[in-house]
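One structure is given below, encoded as structure tokens.
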Amino acid sequence: MSDPVHITFQPLGETVKVQKGTPLIDVLHEYGVEFPCGGKGSCGTCKVKLLGGNMETGTQEAEKLRKLRYPKNYRLACYCKATSDITLEVSQFEHIILADNSEFNFKPQEGAGIAVDLGTTTIVAQLVDLQNGSIIDSVSDVNPQAKFGADLISRIESCLNGKQVDLQKLIREKIGEMIQRMLAKHPIHLVKVVLVGNTVMQHLFCSLDVQPLSMYPFESPNLGTKIFTASELGWEIQPDVTIKFNASIGSFVGSDILAGIAATKMAEQEAYSILIDLGTNGEIVVGNREKIICASTAAGPAFEGAKISQGMRATTGAISSIEFAGEDLSCHVIGNVESRGICGSALIDIMAILLEQQKIGMFGEIESGYQEVKITNNVNLIQQDIREFQLAKAAVATGVQLLLNRLQISMDDVEKIYIAGGFGNFLNLKNVIRTGLIEAPEEKIHKLGNTALIGAKMFLFEEEAEIQRILDLTTHISLESDPAFQDIYIEKMMLV
């Protein structure tokens, strides 16, 4: 194990200890920093300013910096590793970055706001200066409701068994603590808090009846925007702060996807685009400024590590990417430590490699006859993991096809495909295509990271009428009710 080094992030004023040689991308994505080009160094939005310490630049990075005309004390985080104690200013926190790499135009306001992405697995909150749109602070934490189950269905079952008050208390207390943590460091006048999340998270936070979400057709009558006071939530902040949980779209498609639609500007474009969120509850959106349709799929758990024998989210110790180098597998482990498990991006990589080497068949069977594939000394892929990948891959591919069919368009009519989700920074697009997860040319696919958080920050400035316009434009459909669902799903299960 290598020696630890310290990284201090400004303006957050936070110092983290990591293993020497840890890539910055491993650390920064935990703070809501986006890598729109997928860490290729082409967009330049992951630039950081070196305030203290030393980070050498390689030839490729130096050339990129020269082309982007950045000063000598700037670095591109996607190229850099922490080899000594350093202090960095995170440039992306200067303003809100949109999914298309542009800036969000807004009307300046007094005070500060907090945007919260309440995910099934992870919660991210950012403190935003409403005068200039800069991010003052950013915190993330694990959703404590995980003790009641990693997936939404498990948590709904817990609620039906009398535990909903416990789940509500856990999440309200956690977000309140995260907010207080930021405000303690930054004595600024907070005026509003905006929360987004999937429909189940909305219902658990807002104390709404989850029973309608436990049975077909999984539609709740309580999808609208909910407004709270600090005292109602038990938060020790100024009593006049406006706290809003944005409206869900339908079924399991929540305000996190509404925020993603805003972040991609899908509702403003004439050309068709697709948004695929590979989170715990996989959601798919297809449309343009005329019409948007969306659906949820049973895809997310595998891509977030759930139901995979040694699966885990994209945190320290997770294998995040795998390449075949010479005769061996080469694995990148987040945090530059011993591997403890595998996250969704690496699951896609190993499946693509096994397919390319013809070590698994079209039905997912391991050709060697063994029940597992060795990845590292600590991590193996078992037959059931391959089956879980097939189910998740088929769910996404089927969802995309059915939504295209519903709009009577083909993939040729789609200009851009946006991939959102926590592990998007680590995805190898060639492997995404090779496994059949997304059946489109690579040049159409754009990795965006946390579009829910980007949209939530936008909602701090947006008028309610504009948010309602997106809602009115968007229709949720049930994939399972489509007559072609079963046939297409079985077809997409195949690995060819």
Side-chain angles (χ1 to χ4, degrees), residues 120 151-157 159-160 197-203 208-224 247-258 260-261 266-267 272-288 290-303 307 387-388 390-411 413-414 417 420 436-440 470-494:
T120 311
D151 59 277
L152 299 178
I153 300 304
S154 298
R155 294 186 202 176
I156 290 174
E157 288 175 354
C159 291
L160 298 179
N198 64 54
T199 315
V200 177
M201 290 301 101
Q202 179 203 29
H203 279 55
L208 303 171
D209 183 14
V210 300
Q211 188 161 0
L213 297 174
S214 69
M215 62 188 76
Y216 188 83
F218 310 105
E219 293 289 354
S220 169
N222 297 307
L223 299 177
S248 291
I249 296 173
S251 187
F252 291 106
V253 182
S255 53
D256 52 347
I257 300 304
L258 178 71
I261 293 171
M266 180 184 293
Y272 285 102
S273 56
I274 299 175
L275 172 64
I276 302 174
D277 190 323
L278 296 174
T280 311
N281 185 46
E283 295 99 352
I284 304 166
V285 186
V286 183
N288 63 2
E290 300 295 329
K291 185 176 183 180
I292 296 173
I293 57 174
C294 63
S296 57
T297 70
F303 295 128
K307 297 187 178 180
R387 181 69 62 228
E388 290 295 338
Q390 287 179 272
L391 293 169
K393 168 256 187 188
V396 172
T398 302
V400 170
Q401 187 61 58
L402 289 176
L403 292 184
L404 290 173
N405 291 350
R406 188 66 64 95
L407 286 172
Q408 297 183 317
I409 62 173
S410 71
M411 193 62 80
D413 299 306
V414 175
I417 302 168
L437 178 61
I438 298 178
E439 299 168 309
I470 300 175
L471 278 169
D472 293 342
L473 196 63
T474 306
T475 302
H476 172 268
I477 69 166
S478 169
L479 296 176
E480 292 79 5
S481 64
D482 192 299
F485 174 80
Q486 200 66 36
D487 289 341
I488 294 176
Y489 188 80
I490 291 171
E491 175 193 332
K492 302 300 184 185
M493 280 279 290
M494 301 298 153

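For the pair Ser273 (side chain) and Met266 (backbone), a donor-acceptor distance under 3.5 Å is absent. Between the side chain of Asp413 and the main chain of Ser410, a donor-acceptor pair closer than 3.5 Å is present. Looking only at distances, no side-chain donor or acceptor of Thr297 sits under 3.5 Å from a matching main-chain atom of Val396. Formation of a donor-acceptor pair under 3.5 Å by the Lys492 side chain with backbone atoms of Lys393 is not found in this model. Side chain of Lys291 to main chain of Val286: no donor-acceptor pair is present (N/O by atom type, distance under 3.5 Å, no hydrogens or angles).
The salt bridge (Lys or Arg N to Asp or Glu O under 4.0 Å) search around Arg406 returns Asp482, not counting sequence neighbours. Ser154 meets the side-chain contact (heavy atoms from CB on, under 4.5 Å) test with Asp151; sequence neighbours excluded. With sequence neighbours excluded, no residue forms a side-chain hydrogen bond (donor to acceptor under 3.5 Å, both in side chains) with Asp256. For Glu219, the salt bridge (Lys or Arg N to Asp or Glu O under 4.0 Å) test picks out no residue, with sequence neighbours left out. By the side-chain contact (heavy atoms from CB on, under 4.5 Å) test, Ala247 pairs with Thr225, Leu471, sequence neighbours left out. Residues passing the side-chain hydrogen bond (donor to acceptor under 3.5 Å, both in side chains) test with Ser248, sequence neighbours excluded: Gln202. Considering only residues two or more places apart in sequence or on other chains, Asn405 meets the side-chain hydrogen bond (donor to acceptor under 3.5 Å, both in side chains) condition with Gln401. In this structure, Thr474 has no side-chain hydrogen bond (donor to acceptor under 3.5 Å, both in side chains) partners at least two apart in sequence or on a different chain. Evaluation of the side-chain contact (heavy atoms from CB on, under 4.5 Å) rule for Tyr489 yields Leu391, Ala394, Ala395, Thr398, Phe485, Met493 as partners, not counting sequence neighbours. With sequence neighbours left out, the ring-ring contact (aromatic ring centres under 6.0 Å, His included) criterion links Tyr272 to no other residue. Residues satisfying the side-chain contact (heavy atoms from CB on, under 4.5 Å) criterion with Leu473, sequence neighbours excluded, are Ala267, Ile292, Arg469.
In terms of heavy-atom proximity, Gly399 sits nearest to Leu479 at CA-CD1, 3.7 Å.
At least one side-chain heavy atom of Met411 sits less than 4.5 Å from a side-chain heavy atom of Ile417. When side chains are defined from C-beta on, Val200 does not count as touching Thr120, because their heavy atoms never get closer than 4.5 Å. The closest side-chain heavy-atom distance from Leu402 to Ile477 is not below 4.5 Å. Residues Pro221 and Pro212 meet the side-chain proximity criterion, which asks for heavy atoms closer than 4.5 Å.
Put simply, the residue from Val253, Thr199, Leu208 that forms a side-chain contact (heavy atoms from CB on, under 4.5 Å) with Leu223 is Thr199.
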- Steps toward side-chain contact (heavy atoms from CB on, under 4.5 Å) verdict (Arg155, Val210): CA-CA 10 Å; Arg155 294 186 202 176; Val210 300; over 6 Å; no
- Task: Decide yes or no on side-chain contact (heavy atoms from CB on, under 4.5 Å) for Glu439 and Val400, but give the supporting numbers first.
- Result: CA-CA 9 Å; Glu439 299 168 309; Val400 170; over 6 Å; no
